[in-house]
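These numbers come from the heavy atoms of this one structure, side chains and all, not from hydrogens, waters or symmetry mates. In listed order, ligands and their atoms are each counted from 1.
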Amino acid sequence: PAAETIFRMVAHRLAPAGALEGVLVSFLDISHVEEAEQMRRDFVANVSHELRSPLTVLSGFIETLQGSARDDAPARERFLAIMAQEARRMNRLVGDLLSLSKVEANERVRPRDVVRMADVIGATLAALRPQIEEEGIRLSVRGLAPGEGGELPGDRDQLEQVVHNLVENAIKYGGTGGAVRITLEAHASWPGFSGPVLTLAVADDGEGIDPIHLPRLTERFYRVDSHRSRQMGGTGLGLAIVKHIVNRHRGRLSIDSVRGKGTTFLLVLPRQ
Ligand code: ADP
């Protein structure tokens, strides 16, 4: 009805006597453009906030070190340790932001290298070994032997980042002494996929996630408990990066969690 009213007004303006044969009116729905613009603004606000908090801590301690703590050696050591930790946090945040912008920039380009997922898992676990040992994690890995179909077209570095982020979360949120299970399987078919797939499950027996959070978990900076995430060195970008990389590989990520029992992240990746 609104379009018809506008049409009549335009037609009347152009040809008051009614001699006009037709008018072409074109409508463009810009609500999604506005939505994208809003998301961009939120993102910039989030990034600024995330960068500002370590900076505030750093400048606070610099002032203290220049003033009252100047000649207090034990205090100086303590403050410097906190400052180093905050600087590392900023470094991680900037690193994650760069990774995110890199995957977003070429999300449409399909990666073509042949990647062996067992190698990706092996490299990731080697990198996470210190954390696994420090936290006393009981790790179990079920992979695929060569020839069992564990290869897929992909981007090796990006897939390593996916596995790294998922396993690191399982260690962090699974808690000290927790169990982490990694299971890689090849399937000839999978619902929603037209060909063979690889599935990778990363499961922990931690506290789990309330179902209300699950739909938003892969949004940038979305955290169930911001304080806890920050304390553990989280940036709130890990799962957003995972989601973009999985999209780029035309895969799917699903999350299954039971409060008090644990969480399983299941990745399904096409093999063709
Ligand atoms: P962060 O840097 O905060 O870990 P992520 O994007 O990796 O950011 O994860 C987003 C949030 O999802 C986390 O803050 C945490 O609340 C929740 N989360 C992720 N993995 C798990 C897990 N294995 N168990 C419980 N909660 C998790």
Side-chain angles (χ1 to χ4, degrees), residues 39 42-43 46-47 49-54 85-104 107 121 124-125 127-128 131-132 134-141 158-183 199-248 251-267:
M39 276 171 70
D42 289 348
F43 180 62
N46 274 325
V47 171
H49 175 78
E50 296 289 334
L51 283 172
R52 180 179 272 168
S53 44
Q85 188 185 335
E86 292 299 312
R88 278 196 295 273
R89 184 142 77 93
M90 282 182 77
N91 214 354
R92 263 196 310 274
L93 179 63
V94 173
D96 277 358
L97 286 168
L98 282 173
S99 299
L100 193 61
S101 79
K102 234 192 280 173
V103 272
E104 277 182 334
E107 199 163 331
I121 295 170
T124 309
L125 292 180
L128 286 170
Q131 264 165 279
I132 292 170
E134 194 178 325
E135 293 295 328
I137 300 292
R138 289 165 291 130
L139 182 69
S140 82
V141 185
Q158 289 190 350
L159 289 172
E160 210 171 300
Q161 191 160 20
V162 166
V163 181
H164 187 280
N165 290 359
L166 294 180
V167 176
E168 193 176 39
N169 278 351
I171 297 169
K172 280 194 314 195
Y173 300 105
T176 307
V180 174
R181 271 172 293 121
I182 301 171
T183 315
T199 61
L200 176 73
V202 178
D204 64 63
D205 62 353
E207 66 201 39
I209 305 164
D210 198 299
I212 56 161
H213 297 291
L214 293 183
R216 299 194 57 195
L217 220 55
T218 56
E219 284 176 22
R220 304 154 177 177
F221 296 117
Y222 189 87
R223 294 142 157 151
V224 175
D225 178 345
S226 313
H227 179 68
R228 175 129 193 262
S229 153
R230 283 203 188 88
Q231 238 181 1
M232 288 191 286
T235 61
L237 293 174
L239 290 179
I241 294 171
V242 167
K243 187 186 78 177
H244 282 286
I245 295 177
V246 171
N247 283 350
R248 187 170 175 229
R252 213 166 56 199
L253 176 75
S254 54
I255 311 166
D256 188 18
S257 192
V258 181
R259 284 304 297 269
K261 289 227 180 306
T263 308
T264 301
F265 286 84
L266 179 71
L267 202 66

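For the pair Gly206 and ligand 1, no heavy-atom separation below 4.0 Å is found. Put simply, part of Thr235 is less than 4.0 Å from ligand 1, judged by heavy atoms.
Taking every heavy atom of both residues into account, Leu253 and Val242 meet most closely at CD2-CG1, 4.0 Å. Nearest approach of Leu100 to His244, heavy atoms of both residues: CD1-CD2, 3.8 Å. Counting all heavy atoms, side chain and backbone alike, Gly175 lies closest to Glu135 at C-OE1, 4.4 Å. Heavy-atom minimum distance, Met90 versus Pro54: CG-CG, 3.3 Å. Smallest separation of non-hydrogen atoms from Gly177 and Arg138: O-NH2, 3.0 Å.
If you check which protein heavy atom lies closest to atom 12 (O) of ligand 1, you get Leu217 CD1, 3.4 Å. Looking only at heavy atoms of the protein, atom 4 (O) of ligand 1 is closest to Tyr173 OH, 2.7 Å. Closest to atom 5 (P) of ligand 1, if we only count protein heavy atoms, is Leu239 N, 3.6 Å. Looking only at protein heavy atoms, the nearest one to atom 7 (O) of ligand 1 is Asn169 ND2, 2.9 Å.
Only the side chain of Asp204 comes within 4.0 Å of ligand 1, judged by heavy-atom distances. By the criterion of a heavy-atom distance under 4.0 Å, the side chain of Phe265, and not its backbone, is placed next to ligand 1. When non-hydrogen atoms are compared, ligand 1 lies under 4.0 Å from the side chain of Ile209 (C-beta onward) but not from its backbone. Residue contacts with ligand 1, taken as heavy atom pairs separated by less than 4.0 Å, involve Lys172 solely via side-chain atoms from C-beta onward.
Nearest residue to atom 1 (P) of ligand 1 from Gly236, Gly208, Gly238 is Gly236 (criterion: closest heavy atom). Among Ser229, Gly262, Ala240, Gly174, the residue whose heavy atom lies closest to atom 3 (O) of ligand 1 is Ser229.
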Extract all donor-acceptor atom pairs below 3.5 Å that involve side chains of residues 254-261 and protein atoms in other chains or at least two apart in sequence.
{"residue": "Ser257", "atom": "OG", "partner": "Ile209", "partner atom": "N", "Å": "2.7"}
{"residue": "Ser257", "atom": "OG", "partner": "Gly262", "partner atom": "O", "Å": "3.3"}
{"residue": "Ser257", "atom": "OG", "partner": "Thr263", "partner atom": "OG1", "Å": "2.9"}

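Here is the list of ligand 1 atoms found below 4.0 Å of a heavy atom in Arg223: 3 (O), 14 (O). If you number the atoms of ligand 1 from 1 as listed, the ones under 4.0 Å from a heavy atom of Val224 come out as 16 (O). Close approach to Thr263 involves these atoms of ligand 1, each under 4.0 Å from a residue heavy atom: 24 (N). Atoms of ligand 1 found under 4.0 Å from any heavy atom of Tyr222 (numbered from 1 in listed order, with element): 10 (C), 11 (C).
Using a 4.0 Å cut-off between a side-chain N of Lys or Arg and a carboxylate O of Asp or Glu, Arg220 and Asp96 do not qualify as a salt bridge. In summary, Glu107 and Lys243 do not engage in a salt bridge, as defined by a charged side-chain N under 4.0 Å from a carboxylate O.
With sequence neighbours left out, the salt bridge (charged side-chain N to carboxylate O under 4.0 Å, His left out) criterion links Arg181 to no other residue.
A donor-acceptor contact shorter than 3.5 Å links the side chain of Arg223 to the backbone of Thr235.
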